[in-house]
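Letters A, B, ... are given to chains in the order of the sequence lines, protein chains preceding strands, and every chain is numbered from 1. Quick note: numbers below take in every heavy atom, side chains included, and nothing from hydrogens, waters or symmetry partners.
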Amino acid sequence: MKKKAQNGWKTVDAPLFDLRGTMASGQLFHWEPTEGGGFRGLIDTTEVEVRQEGERLRFRGGSAELLCHYFALDHPLEAIYATFPDDPAMREAVAFGRGLRIVRQPAWECLATFITSAMKQVSHITAMSRALRERFGEPIGHGGFRYPDPARLASADEAALRECGLGFRAPKLLETARWIAEGRVDLEAIRALPDGEAERELCRLPGVGPKIAHCVLLFAYERVKAFPVDVWIARVLLHHYFARKRKKPTLKELHAFGIHHFGPYGGYAQQYLFHHARNLPRSTWAKTG
DNA sequence: TGGCAGGGGTTGA
DNA sequence: TCAACCCCTGCC
C-alpha cells in the first residue's frame, strides 16, 4: 500500500477495482462526479474526492485505510468469482463488471436511503438523498452535507420530508428515524445478529420489507450471501433461469433460488447480474416483463 | 408544450 | 394476491 502526499492528493494501490462501475451499480446514491472524471462525496463524516488512475486511486481527504475499508479493497475478488456458478449469464456479468466491489456503507445512511428508494429510479433516489442532506444534514467542507442522523430526521415533520420529494415514503422514513432515535431499535445490535434474525429485526421497521432488509444486510452489514430481489434481478432470473417454466415463480421463490444457486457470495453475484442487466438494451427484457 | 405511463417496494385488506 | 401509495422522469 503506497501513499504519497502532493497538494493534499495521495494515492493508494487498488488492483482489480472499478471505481466508476462501483459508483454506478445502484448501491451508492450521493457521490457527485467531478470534472477530472472522479467523484466527490462523504465516507460517513469525512469529505473525500477520489479518482481512478489505472490500478491506483488518487484521493484527497480521508486516509488510505478509510478508502480501502469503504471500497472493500480487501475483498478477494478473483476468489469470489471462482465461487460463482459457471453459466453464461454469470460469465457475461462478471466480464462486464470486473472490479465492481460491494462497498461498506454506514448502516443508518444505507437503511434510510433504501427506504426512500421504493419504486424509484436511481436519478430520483439521488435527488432525494441530496435534498435530505441539504435540508437536514450538517454542512461539511466544500458544499457537502452529512446524511442527517436519526434524531435530526425524527424531529422533522412529514410535510418537510415530502418537500424533499419522498411522497408516500416520508412517513415511513420519519417513523423509522423515530424508532431508532428513541432506542426502540439498535442498528449496531442488529449488526451482531445472525442473518435470519437480523433480517427479521430490520423488517419490523416501517417501510422495510424483505428487499430493503436484504440490501441493508448486503451493503451495510457485509453479509455477502444476502440476495436482494428487485425488479431487475427478477427480470434476470426469469430470463436466464426460468424461461422454460410454465408457472412464474414468486419473489420469495426467486430469492430462495438466488440464495441456493449463487453460493456463499450470492450478494456479489446479484450485484454483477444487476449492474450488467441495467446496462443492456431495454429490448432485452421486453419478453420477460 | 402537455399529457401520461410507469418506476430498484411495502402494506393492509 | 392485489391495489394503493407520491411524484418525478422520460417519452410521445
Side-chain angles (χ1 to χ4, degrees), chain A residues 21-31 93 97 100 102-103 105 109-132 134-135 153 156-179 185 199-220 226-240 247-255 258 266-289:
Chain A
T22 298
M23 291 291 190
S25 67
Q27 45 179 324
L28 296 166
F29 302 97
H30 70 282
W31 288 85
L100 193 165
I102 290 181
V103 168
Q105 297 187 42
E109 184 180 318
C110 177
L111 168 66
T113 304
F114 277 101
I115 287 175
T116 66
S117 78
M119 291 283 293
K120 278 296 164 196
Q121 290 151 317
V122 170
S123 62
H124 195 200
I125 302 168
T126 304
M128 287 185 287
S129 171
R130 188 184 305 122
L132 286 169
E134 289 178 357
R135 178 141 184 182
L153 285 184
D157 62 19
E158 188 182 319
L161 294 185
R162 283 178 185 267
E163 283 166 17
C164 295
L166 269 67
F168 64 78
R169 303 155 197 82
K172 308 292 188 190
L173 181 60
L174 187 57
E175 277 302 292
T176 287
R178 286 180 178 161
W179 284 31
V185 168
E199 179 184 339
R200 274 192 295 281
E201 280 298 298
L202 288 168
C203 285
R204 287 175 52 217
L205 294 165
V208 179
K211 191 269 178 180
I212 291 172
H214 294 146
C215 283
V216 174
L217 286 172
L218 179 59
F219 300 130
F227 197 91
V229 177
D230 54 41
V231 302
W232 285 97
I233 287 299
R235 279 176 192 148
V236 172
L237 297 184
L238 291 173
H239 184 80
H240 290 291
K247 184 176 173 294
K248 194 175 160 185
T250 63
L251 288 180
K252 201 172 174 183
E253 286 164 343
L254 288 176
H255 178 254
Y268 255 100
Q270 174 272 161
Q271 198 62 14
Y272 277 73
L273 292 169
F274 174 87
H275 184 53
H276 183 225
R278 288 215 318 135
N279 286 278
L280 289 172
R282 244 192 126 62
S283 57
T284 311
W285 313 109
K287 289 175 188 170
T288 19

> Which whole number of Å gives the distance between the P atom of B:dT10 and that of C:dT9?
Replying inline: 23 Å

> Do side-chain atoms of A:Q270 reach the backbone of A:G267 as a donor and acceptor pair under 3.5 angstrom?
Replying inline: yes

> How does DNA chain B look in dot-bracket form if you count Watson-Crick and G-U pairs under 3.5 Å, write [ ] for pairs that cross, and put | where a base pairs with another strand?
Replying inline: .||||||.|||||

>> Output the rounded distance in Å from NE2 (A:H255) to C1' (B:dG9).
In response: 15 Å

> A:R235 has an atom CZ; how far is it from atom P of B:dG8, in whole Å?
Replying inline: 7 Å

>> If we count only N and O atoms by modelled type, under 3.5 Å, do the side chains of A:Q27 and A:S25 hold a donor and an acceptor together?
In response: yes

> Relative to the 5' end of DNA chain B, which residue comes earlier, A:P206 or A:H124, by the nucleotide with the nearest heavy atom?
Replying inline: A:H124

>> Give me the distance, rounded to whole Å, that separates C:dT1 from B:dG8 when you measure between the P atoms they each carry.
In response: 23 Å

>> Any non-hydrogen side-chain atom of A:T116 less than 4.5 Å from a side-chain atom of A:L132?
In response: yes

>> Quick check: do A:L153 and A:L174 have side-chain heavy atoms less than 4.5 Å from each other?
In response: no

> Which whole number of Å gives the distance between the P atom of C:dA4 and that of B:dA5?
Replying inline: 15 Å

>> Let's see if you can work this out: which of C:dT9, B:dT10, B:dG9 has an atom nearest to the side-chain heavy atoms of A:V231?
In response: B:dG9

> Expressed in angstrom and rounded to an integer, what is the separation of A:K248 atom NZ from C:dT1 atom C1'?
Replying inline: 13 Å

>> Would you say A:R162 places a side-chain N or O within less than 4.0 Å of OP1 or OP2 belonging to C:dC6?
In response: yes

> Roughly, in whole Å, what's the span from NZ in A:K120 to C1' in B:dG6?
Replying inline: 10 Å

> Base, sugar-phosphate alone, or nothing: which one does A:V208 contact when heavy atoms must sit under 4.0 Å apart?
Replying inline: sugar-phosphate

>> Let's see if you can work this out: which of C:dT9, B:dT10, B:dG9 has an atom nearest to the side-chain heavy atoms of A:Q121?
In response: C:dT9

> Taking CH2 from A:W232 and C1' from B:dG6, how many angstroms apart are they, rounded to a whole number?
Replying inline: 13 Å

> Any side-chain heavy atom of A:L166 sitting closer than 4.5 Å to one from A:I115?
Replying inline: no

>> Using every non-hydrogen atom in the two residues, find where A:F227 and A:I233 come nearest and quote the distance to one decimal.
In response: CE2-CG2, 3.8 Å

> Is the shortest heavy-atom distance from the side chain of A:R135 to the side chain of A:C164 under 4.5 Å?
Replying inline: yes

